[in-house]
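Structure first, commentary second.
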Amino acid sequence: MLGKKLVTAQKRGETRALCLGLGMVACSMMMYFFIGITIVPFYTKSVWTTETECKVLKTNIKDKVLHPNSEGLEDEAILPYPCLQVWVNLTASGQEVMLYQTEDTLERNPKCSYVPGKSENSKEVKARIETIASNFKKYQTFPCYYDPGGTQTNVILSRLYPPKNLVFTFLWPTLMFTGGCLIIVLVKISQYFSVLSARQ
């Protein structure tokens with residue numbers, strides 16, 4: 001009677017462990033899929049892949065900037081935040097180019113080097129932009145990223161998805177997948193030895 005209870009409890013434990021392992025594998029596969037359709041396209045789309053040195057040439061903070069209207073003509077538009085423009089000398093080619101904070105900054109507003117978040121306070125934004133401008137004047141030379149293919153003539157200060165961040169993103173689902181497979185293998189080994197001992 002006691003032997004039957006032990007066998008039943010063992011089978012229940014094995015079933016739960018097997019379900020846990022399969023669940024971990026399924027969750028990791030979902031995470032891989034989610035990363036593959038969200039983060040990986042942004043990483044592969046970025047052309048600013050080569051790091052070089054940039055030297056600040058000039059910084060401007062403007063309240064009005066030329067912005068293209070619906071007819072394609074450029075009009076002066078008043079932005080809800082001061083427009084910081086940073087021009088640098090690209091060491092790799094010696095060109096004078098505009099610096100952007102990230103790839104996303106160029107898409108949001110190609111006229112400004114820094115674009116604040118929508119929910120930020122206007123006074124805080126103004127103070128932050130002035131601080132950023134003073135930091136650029138203080139630290140004249142710094143690392144930046146450019147497009148070696150030449151499709152983009154501008155440069156960015158930092159990449160949204162650098163290779164090390166992408167590796168770190170894949171680390172957790174890989175650990176979960178490995179752990180789930182290990183649990184499944186251990187359960188199968190346990191079942192094999194149970195059947196072997198029962199035969200003997």
Side-chain angles (χ1 to χ4, degrees), residues 32 34-172:
Y32 278 129
F34 180 74
I35 292 169
I37 63 171
T38 55
I39 297 175
V40 173
F42 286 108
Y43 174 79
T44 55
K45 191 173 69 172
S46 178
V47 294
W48 297 271
T49 54
T50 307
E51 186 175 340
T52 186
E53 289 288 323
C54 284
K55 186 177 181 181
V56 176
L57 296 175
K58 58 183 177 181
T59 59
N60 295 323
I61 298 177
K62 296 182 177 180
D63 292 326
K64 293 181 181 181
V65 293
L66 289 173
H67 202 277
N69 58 24
S70 57
E71 297 176 359
L73 300 174
E74 289 193 336
D75 292 332
E76 275 198 329
I78 299 175
L79 298 172
Y81 53 87
C83 182
L84 173 65
Q85 295 179 336
V86 181
W87 294 89
V88 297
N89 184 13
L90 186 61
T91 308
S93 61
Q95 291 177 308
E96 182 181 330
V97 295
M98 190 167 175
L99 174 75
Y100 295 95
Q101 185 186 13
T102 61
E103 301 95 327
D104 185 54
T105 309
L106 180 61
E107 291 183 7
R108 290 173 65 188
N109 189 349
K111 298 294 181 181
C112 304
S113 296
Y114 172 78
V115 178
K118 294 180 180 178
S119 60
E120 294 182 83
N121 186 290
S122 59
K123 290 183 179 179
E124 292 177 358
V125 168
K126 189 174 181 180
R128 184 181 293 114
I129 288 173
E130 288 174 355
T131 304
I132 293 169
S134 63
N135 285 337
F136 276 121
K137 291 175 183 177
K138 186 178 179 181
Y139 304 102
Q140 289 285 309
T141 307
F142 51 87
C144 59
Y145 295 90
Y146 76 101
D147 174 20
T151 54
Q152 291 287 347
T153 55
N154 41 58
V155 294
I156 60 171
L157 182 62
S158 59
R159 298 180 66 184
L160 281 173
Y161 302 103
K164 63 178 182 180
N165 284 13
L166 194 67
V167 171
F168 184 75
T169 304
F170 277 104
L171 178 65
W172 296 111

Report task. Go through the structure and list residues passing salt bridge (charged side-chain N to carboxylate O under 4.0 Å, His left out) with Asp104, not counting sequence neighbours. Result -> Arg108

Query raised in the report: Could you go step by step and tell me if Val40 and Phe170 meet the side chain to side chain contact (heavy atoms under 4.5 Å, CB included) rule?
Result: CA-CA 10 Å; Val40 173; Phe170 277 104; 3.9 Å; yes

Report task. Would you give the length of the straight line joining atom CG of Leu99 to atom CG of Leu57, rounded to the nearest 0.5 angstrom? Result -> 11.0 Å

Query raised in the report: How many angstroms lie between atom OG of Ser134 and atom CD1 of Ile129, to the nearest 0.5 angstrom?
Result: 12.0 Å

Query raised in the report: Do the side chain of Glu103 and the main chain of Leu160 share a donor and acceptor less than 3.5 angstrom apart?
Result: yes

Report summary line: For Val97 and Asn154, the nearest pair of non-hydrogen atoms, with its separation, is CB-CA, 4.2 Å

Query raised in the report: So, the side chain of Gln101 versus the backbone of Val115: is there a donor-acceptor pair under 3.5 Å, distance only?
Result: no

**Report entry** Check: Thr105 side chain, Thr102 main-chain N or O, donor-acceptor pair, under 3.5 Å
**Finding:** yes

Query raised in the report: Measuring from Ile132:CD1 to Ser113:OG, what's the distance to the nearest 0.5 Å?
Result: 10.0 Å

Query raised in the report: Considering all heavy atoms of both residues, which atom of Pro41 and which atom of Gly36 are nearest to each other, and what is their separation?
Result: CD-O, 3.2 Å

Query raised in the report: Is the backbone N or O of Pro148 less than 3.5 Å from a side-chain atom of Thr50, with the two atoms forming a donor-acceptor pair by type?
Result: no

Requested in this report: Step through the shown structure and confirm whether more than 12 heavy atoms of other residues, nucleotides or ligands are within 6.0 Å of CZ on Phe142.
Outcome: yes

Query raised in the report: Rounded to the nearest 0.5 Å, what separation is found between the OH atom of Tyr43 and the CD1 atom of Ile35?
Result: 14.0 Å

Query - Closest heavy-atom pair and its distance - Trp48, Tyr145 - result: CD1-O, 3.6 Å

**Report entry** Value rounded to 0.5 Å, distance of CD in Gln85 from CD1 in Ile61
**Finding:** 10.5 Å

Report summary line: One should read off an interatomic distance between Met98 CE and Gln152 CD, to the nearest 0.5 angstrom, of 12.5 Å

Report task. Begin from the C-alpha positions of Glu96 and Lys58 and carry the test side chain to side chain contact (heavy atoms under 4.5 Å, CB included) through to its verdict. Result -> CA-CA 10 Å; Glu96 182 181 330; Lys58 58 183 177 181; 3.8 Å; yes

Query raised in the report: Looking only at heavy atoms, what is the nearest atom pair of Asn89 and Gln95, with distance?
Result: OD1-O, 3.2 Å

**Report entry** pair Val155-Cys54: side-chain heavy atoms closer than 4.5 Å
**Finding:** yes

Query raised in the report: Closest approach of Phe136 and Leu157, non-hydrogen atoms and distance?
Result: CZ-CD2, 4.3 Å

Report task. State, to 0.1 Å, how close Pro116 and Val125 come at their nearest heavy-atom pair, and which atoms those are. Result -> CG-CG1, 3.6 Å

Query raised in the report: Would Cys144 and Ile156 satisfy side chain to side chain contact (heavy atoms under 4.5 Å, CB included), going step by step from the backbone distance to the final call?
Result: CA-CA 6 Å; Cys144 59; Ile156 60 171; over 6 Å; no

